[in-house]
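The shown structure was predicted, so the numbers you read here are calculated from the model rather than taken from an experiment. Throughout, a chain's letter reflects where its sequence line sits, starting with A, and its residues are numbered from 1.
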Amino acid sequence: MNRKYDFKNIEKKWQDIWDKENLFCAKNEYDKPKYYALVEFPYPSGQGLHVGHPRSYTALDIIARKRRMQGYNVLYPMGWDAFGLPTENYAIKNKIHPKIVTEKNIARFKSQLKSLGLSFDWSREIDTTNPDYYKWTQWIFLKLFENGLAYKSRAFVNWCTSCKCVLANEEVIDGKCERCSSEVIKKEKSQWMLKITKYAQRLIDDLETVDYPEKVKTQQINWIGRSSGAEIDFETNLGENIKVFTTRPDTVFGVTYIVLSPEHELLEKWSKNIENFEEIKKYQENAKKKTDLERSELSKEKTGVKLQGVYALNPVNGEKIPIFVADYVLVSYGTGAIMAVPAHDKRDKEFAEKYNLNVLKVIDEGGKVINSEFLNGLSTEKAKKAAINWLVKNEKGKEKINYKLRDWVFSRQRYWGEPIPIVKCEKCGYVPLKESDLPLTLPNMEKFETSNSGESPLVNAKEWLNTTCPKCGGKAQRETDTMPQWAGSSWYFLRYLDPKNDKNLASNEAMKYWMPVDIYNGGMEHTTLHLLYSRFWYKFLYDIGVVPQSEPYKKRISHGLVLGENGEKMSKSRGNVVNPDDIIAEYGADTMRLYEMFIGDYEQPAPWSTKGIKGCKRFLERFWGLQEIISEPNEKNKGLESIIHKTIKKVDKDIEILKFNTAIAALMALINEVYNAGSITREQLGVFSLLLSPFAPHIAEEVWQNCYLGEGFASVSQWPKYDEEKCKDSQIKMALQVNGKFRGTINCEVGLSEDEVFEKAKNECHTFNNFIAGKEIVKVIYVPNRLLNVVVK
RNA sequence: GCCGGUGUGGCGGAAUGGCAGACGCGACGGACUCAAAAUCCGUUGUUGGCAACAACGUGUGGGUUCAAGUCCCACCACCGGUACCA
């Protein structure tokens with residue numbers, strides 16, 4: 001037997017054997033109980049794996065391995081979300097085709113992941129940039145188009161000045177680009193859009209049916225931003241009505257002016273009638289020039305211009321109301337126009353004070369409506385309803401629910417993405433490709449730069465660009481924009497079920513058996529991006545009968561970030577990046593895995609500590625050393641039975657509730673006990689190996705085999721069971737308190753009565769006795785097998 | 001501003017309302033060694049005491065309770081999300 005713990009050879013050996021035996025391949029045996037564990041598949045960046053990746057991959061690996069040991073048919077797959085900007089930018093800079101860059105990065109990632117001993121089913125590996133894969137991404141787009149959920153629209157969109165590319169709302173962080181942090185401006189462009197807003201209500205409602213962390217649910221609900229109120233028509237002297245959205249229809253008598261956003265369409269329409277249109281136009285142009293960031297930074301000081309020669313009428317009392325244009329009103333929310341009630345709205349008040357406008361109070365201190373004719377005396381809630389009823393009856397408005405969620409801007413002016421399978425025909429307009437023409441593959445090109453005018457590089461692929469219309473056969477051009485980064489990941493979990501299927505995105509049987517995903521791990525940063533998008537697509541696929549349920553993920557969990565040694569976020573610029581390769585080379589994969597799980601509460605952020613790893617290595621070396629102290633059953637190691645059963649119970653439960661750190665602590669405590677006892681039986685070491693196997697699978701497998709502890713592989717053997725009776729102690733330590741203060745302990749048999757314990761305490765614990773001696777006993781609290789508290793005066 | 005989260009030794013972190021600090025790191029002392037590393041044994045919340053022991057101790061201030069890190073009220077600090085959303 002090899003005496004030294006030679007992790008390098010052990011780890012390589014077992015990785016090869018597992019691979020050869022296909023030990024972790026999910027089986028297409030649809031009568032077994034199934035378990036689908038999913039981690040967000042990585043973007044194969046040029047930097048390689050980050051120590052943050054293994055934290056979540058190992059966590060789900062532990063769960064997947066435990067489920068296999070429990071007899072489930074487990075699917076734990078991995079793939080590559082490989083379309084995207086960093087690869088394309090690298091390709092441009094180094095004049096290499098992004099396809100080659102992607103292949104290289106995937107190869108590196110894959111070998112890094114393999115070196116960690118993760119039990120992925122590599123036979124189901126997918127790559128979103130593979131035409132066999134993106135054929136189905138395009139197919140879903142065609143279905144969306146067919147059902148009116150994909151449409152082309154000219155609108156103000158977010159434009160990243162550095163990526164030269166449009167961004168979805170979800171990709172704008174603090175007015176800056178999510179990827180490159182450059183400034184984002186509003187640009188009017190014709191773009192493909194997906195009607196996610198149609199699903200807004202269902203995306204909120206169905207959160208009740210899934211097991212997600214509360215903060216994830218709240219963040220999605222806030223992002224979708226439902227608010228209920230009324231849409232009210234204000235007539236104007238020019239004939240056209242101004243529609244406004246308000247959540248406070250009860251304050252309609254307090255409206256003293258109307259505000260239109262600078263981009264509001266009526267301004268253009270009224271250009272001839274507005275006496276000061278030149279001034280308005282100047283204001284509009286100024287607003288357009290501001291970046292999102294500037295517009296919100298300037299939020300303290302409100303600006304605006306009054307429209308001369310136009311006024312509106314209050315629908316409830318016919319009063320004349322002035323109209324302003326001001327950029328504190330956003331074109332993208334509600335109707336792009338508001339009724340201003342300065343008495344009861346902070347922003348309206350600021351504006352009214354600056355421009356000296358009328359302020360009319362319509363709610364008194366007690367919350368009752370005043371100065372409002374038929375609404376007077378009502379509470380806010382009742383007045384809202386009454387106002388809406390009146391508006392509906394008089395055809396001046398209606399009840400209205402509004403959402404902050406915008407439709408998803410779905411086209412990007414870049415090369416490295418899925419081509420949108422649409423052609424523009426001179427006669428027929430936008431025409432979808434036939435399904436049989438999919439996949440529409442990317443043309444091979446040498447230059448991938450976006451033009452300064454903001455057109456996709458694909459406009460230069462002339463042969464690819466010019467085509468014929470699938471409908472009329474006439475001249476047509478292909479859509480040159482590609483799909484965003486998030487397209488391929490919006491449905492990838494379905495492709496794992498049946499990755500080689502060329503008839504469907506996956507077979508019905510496979511989807512029925514495997515879906516929904518039982519546990520899905522991913523970062524909080526995807527809550528309002530990938531997680532929301534994929535729920536939307538899944539609901540759509542459900543509606544057209546493709547998938548079996550309307551929610552893809554039964555349970556969602558989120559890992560905490562692994563921070564740098566200094567407690568800051570790991571980044572190149574901070575110089576605190578830890579490379580997993582170095583750790584594995586120095587300490588081994590098992591130690592790395594163990595440390596990543598031991599570092600702290602799984603869902604909380606935790607700083608990396610190179611010193612901390614040593615403790616995990618020591619533990620594994622001590623585990624390795626157990627082989628030296630195997631013995632026949634004797635008095636001492638028989639005494640280990642209770643702690644072994646307790647440890648099984650603890651580890652079993654802790655894995656279920658994601659407390660990997662305390663599960664490992666329990667294993668460490670067990671090893672301390674074993675060394676105190678001085679020996680361990682073969683059978684006991686077998687149980688220990690199985691318990692350790694999900695966390696540190698290579699060493700567990702090696703010890704299992706070395707010592708002939710059982711049949712087959714430790715990785716897929718039976719998960720140990722505990723005996724509840726054996727978890728119980730016969731002797732317990734009873735805590736003693738006087739007036740709630742701890743005064744000592746005594747050893748007791750289990751199940752003693754209060755009086756017995758009290759007597760024993762007085763006899764055996766001097767401290768306790770001293771504190772009650774000569775005092776009057778007011779009350780005794782006895783918690784069986786736990787504590788005795790005596791209240792004295 | 002609003003919505004989440006967090007706050008415990010020198011450090012990472014444990015604690016169904018019931019012995020605060022499990023487990024690990026570090027530190028200190030000892031063994032082994034020519035020596036160092038590794039390993040093993042012991043000590044390690046603070047203060048006082050030779051000691052038994054005592055007092056204090058979970059961000060701050062109050063409260064409930066026989067008993068509070070844990071429950072309630074008010075606040076402070078840090079982290080994350082979001083924001084002229086009408």
*Asks:* Taking 4.0 Å as the cut-off, does a side-chain nitrogen or oxygen of A/Asn672 come that near to OP1 or OP2 on B/G24?
*Replies:* yes
*Asks:* Round to a whole Å and report the spacing from CD of A/Glu603 to C1' of B/G5.
*Replies:*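 It is 12 Å, rounded to the nearest whole Å.
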*Asks:* For the pair made of CZ in A/Phe623 and P in B/U39, what is the distance, rounded to whole Å?
*Replies:*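 Rounding to the nearest Å, CZ of A/Phe623 and P of B/U39 are 18 Å apart.
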*Asks:* Both distances below 3.5 Å, Watson-Crick or wobble geometry, any strand: find the nucleotide opposite B/C56.
*Replies:* B/G45
*Asks:* What integer distance in Å separates A/Ile732:CD1 from B/G18:C1'?
*Replies:* 13 Å
*Asks:* Which nucleotide, B/A83, B/C19, B/G18, lies nearest any side-chain atom of A/Leu787?
*Replies:*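 Side chain of A/Leu787 sits closest to B/G18.
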*Asks:* Check whether any side-chain N or O of A/Arg618 sits under 4.0 Å from OP1 or OP2 of B/U39, and answer yes or no.
*Replies:* yes
*Asks:* Could you identify the nucleotide paired to B/A35, looking across every strand shown and requiring Watson-Crick or G-U wobble geometry with both distances under 3.5 Å?
*Replies:* none
*Asks:* Which is more 5' along RNA chain B, the nucleotide nearest A/Phe742 or the one nearest A/Thr662? Just name the residue.
*Replies:* A/Thr662
*Asks:* Suppose you measure atom C1' in B/U44 against the same atom in B/G24; what distance do you get, rounded to whole Å?
*Replies:* 14 Å
*Asks:* Measuring from the side chain of A/Phe245 (C-beta onward, heavy atoms only), which nucleotide among B/A86, B/C84, B/U6 has the closest atom?
*Replies:* B/A86
*Asks:* If you check every side-chain atom of A/Thr767, which of B/G18, B/A54, B/A14 has the closest atom?
*Replies:*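 Shortest atom-to-atom distance from the side chain points to B/A54.
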*Asks:* Determine if the base of B/G9 is syn or anti; take syn to mean the glycosidic torsion is within 90° of 0.
*Replies:* syn
*Asks:* Could you tell me whether A/Glu656 and A/Lys653 make a salt bridge, using a distance below 4.0 angstrom between a side-chain N and a carboxylate O?
*Replies:*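 No.
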*Asks:* Looking only at side-chain N and O atoms, does A/Glu565 offer a donor or acceptor that is under 3.5 Å from a partner on A/Thr610?
*Replies:*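 There is such a pair (donor and acceptor under 3.5 Å, judged by atom type) between the side chains of A/Thr610 and A/Glu565.
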*Asks:* Go through B/C19, B/A83, B/G18 for me and flag the one nearest to the A/Lys733 side chain.
*Replies:*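 Within the option list, the nearest is B/C19.
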*Asks:* What is the distance, to the nearest angstrom, from the CD atom on A/Gln220 to the P atom on B/G81?
*Replies:*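 Rounding to the nearest Å, CD of A/Gln220 and P of B/G81 are 16 Å apart.
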*Asks:* Between A/Arg786 and B/U16, is there a contact of a side-chain N or O with OP1 or OP2 at under 4.0 Å?
*Replies:*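 Answer is no, no contact under 4.0 Å.
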*Asks:* Is the distance from OP1 or OP2 of B/C66 to the nearest side-chain N or O of A/Lys779 less than 4.0 Å?
*Replies:* yes
*Asks:* To the nearest Å, how far apart are A/Tyr587 OH and B/C25 P?
*Replies:* 12 Å
*Asks:* Would you classify A/Thr527 as touching base, sugar-phosphate or nothing, given that sugar-phosphate means primed atoms plus P, OP1 and OP2, and contacts are heavy atoms under 4.0 Å?
*Replies:*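 Touches nothing.
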*Asks:* Nearest to the side chain of A/Val329 - B/C84, B/A86, B/G24?
*Replies:* B/A86
*Asks:* What is the distance from CD1 of A/Ile781 to C1' of B/G17, rounded to the nearest Å?
*Replies:* 13 Å
*Asks:* Mind calculating the distance between NZ (A/Lys659) and P (B/A22) to the nearest angstrom?
*Replies:* 18 Å
*Asks:* Could you give the distance separating B/A51 and B/G7 at their C1' atoms, to the nearest angstrom?
*Replies:* 38 Å
*Asks:* Does any nucleotide pair with B/G1 by Watson-Crick or G-U wobble geometry, both distances under 3.5 Å, and what is it?
*Replies:* B/U82
*Asks:* Pairing check on B/C23: which nucleotide meets the Watson-Crick or G-U wobble criteria with it, both distances under 3.5 Å?
*Replies:* B/G12
*Asks:* Just to be sure I understand the rule, does A/Phe771 reach a base, reach only the sugar-phosphate, or reach nothing, if contact means heavy atoms closer than 4.0 Å?
*Replies:* sugar-phosphate
*Asks:* Which nucleotide, B/G12, B/G81, B/C19, lies nearest any side-chain atom of A/Phe598?
*Replies:* B/G12
*Asks:* Could you tell me whether A/Glu724 and A/Lys649 have a side-chain N and a carboxylate O separated by less than 4.0 Å?
*Replies:* yes
*Asks:* So, A/Lys617 and A/Glu621, do they make that salt bridge, N to O below 4.0 Å?
*Replies:*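 Salt bridge: yes.
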*Asks:* Strictly under 6.0 Å, is that where the ring centroids of A/Phe351 and A/Tyr257 end up?
*Replies:*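 Under 6.0 Å, so yes.
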*Asks:* How far does the C1' atom of B/G57 sit from the matching atom of B/G4, given to the nearest Å?
*Replies:*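 One C1' to the other, the span is 30 Å.
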*Asks:* Rounded to whole angstrom, note down the P distance from B/C66 over to B/C78.
*Replies:* 38 Å
*Asks:* Please determine whether a side-chain nitrogen of the Lys or Arg among A/Lys555 and A/Asp211 lies less than 4.0 Å from a carboxylate oxygen of the Asp or Glu.
*Replies:*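 The answer is yes: the pair qualifies as a salt bridge.
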*Asks:* To the side chain of A/Met668, which of B/A14, B/U82, B/G24 is closest?
*Replies:* B/G24
*Asks:* For A/Asn661, answer base if it contacts any base atom (sugar-phosphate contacts may also be present), sugar-phosphate if it contacts only those atoms, and nothing otherwise; contact means non-hydrogen atoms under 4.0 Å.
*Replies:* sugar-phosphate
*Asks:* If you measure from the P atom in B/A14 to the same atom in B/U6, how many Å do you get, rounded?
*Replies:*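 Each nucleotide's P atom is 11 Å from the other's.
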*Asks:* Whether the A/Tyr333 and A/Ser261 side chains hold a donor-acceptor pair (N or O, under 3.5 Å, no angle test) is what I'd like checked.
*Replies:*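 A/Ser261 and A/Tyr333 do not have a side-chain donor-acceptor pair below 3.5 Å.
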*Asks:* Can you tell me whether the side chain of A/Gln737 and the base of B/G18 have a donor-acceptor pair closer than 3.5 Å?
*Replies:* yes
*Asks:* For A/Thr745, answer base if it contacts any base atom (sugar-phosphate contacts may also be present), sugar-phosphate if it contacts only those atoms, and nothing otherwise; contact means non-hydrogen atoms under 4.0 Å.
*Replies:*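 Base contact - A/Thr745 has a heavy atom under 4.0 Å of at least one base atom.
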*Asks:* Given that A/Lys404 and A/Pro607 both sit by RNA chain B, which one's nearest nucleotide is further toward the 5' end?
*Replies:* A/Pro607
*Asks:* Looking only at atom C1', what distance separates B/A52 and B/A68, rounded to whole Å?
*Replies:*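 Nearest-Å result for B/A52 against B/A68 at atom C1': 30 Å.
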*Asks:* Heavy atoms, side chains only, cut-off 4.5 Å: are A/Asp348 and A/Val259 in contact?
*Replies:*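 When only atoms from C-beta onward are counted, A/Val259 and A/Asp348 do not touch, as no gap falls below 4.5 Å.
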*Asks:* Just checking A/Arg622: base, sugar-phosphate only, or nothing, at a heavy-atom cut-off of under 4.0 Å?
*Replies:*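 Touches sugar-phosphate only.
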*Asks:* Should A/Arg556 and A/Glu40 count as an ion pair when the cut-off is N to O under 4.0 Å?
*Replies:*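 A salt bridge is present here (some side-chain N lies under 4.0 Å from a carboxylate O).
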*Asks:* I want to check one thing: is the phosphate of B/C56, taken as OP1 and OP2, less than 4.0 Å away from some side-chain N or O of A/Lys741?
*Replies:*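 For B/C56, OP1/OP2 do have a side-chain N/O of A/Lys741 under 4.0 Å.
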*Asks:* Work out how far the C1' atom of B/G26 is from that of B/C75, and round it to whole angstrom.
*Replies:* 36 Å
*Asks:* Please name the nucleotide paired to B/A77 by Watson-Crick or G-U wobble geometry with both distances under 3.5 Å, or report none.
*Replies:*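 Partner of B/A77: B/U6.
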*Asks:* A/His264 has an atom NE2; how far is it from atom P of B/A86, in whole Å?
*Replies:*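 Checked: the NE2 to P distance equals 17 Å.
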*Asks:* Sticking with atom P, work out how far B/A54 lies from B/C71, rounded to a whole angstrom.
*Replies:* 30 Å
*Asks:* Has the side chain of A/Lys611 got a donor or acceptor atom sitting under 3.5 Å from an opposite partner on the base of B/C11?
*Replies:* no
*Asks:* Can you check whether A/Arg743 has a side-chain N or O nearer than 4.0 Å to OP1 or OP2 of B/A55?
*Replies:* yes
*Asks:* Does A/Asn789 reach a base, just sugar-phosphate, or nothing at all? Heavy atoms under 4.0 Å.
*Replies:*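 The residue A/Asn789 makes base contact.
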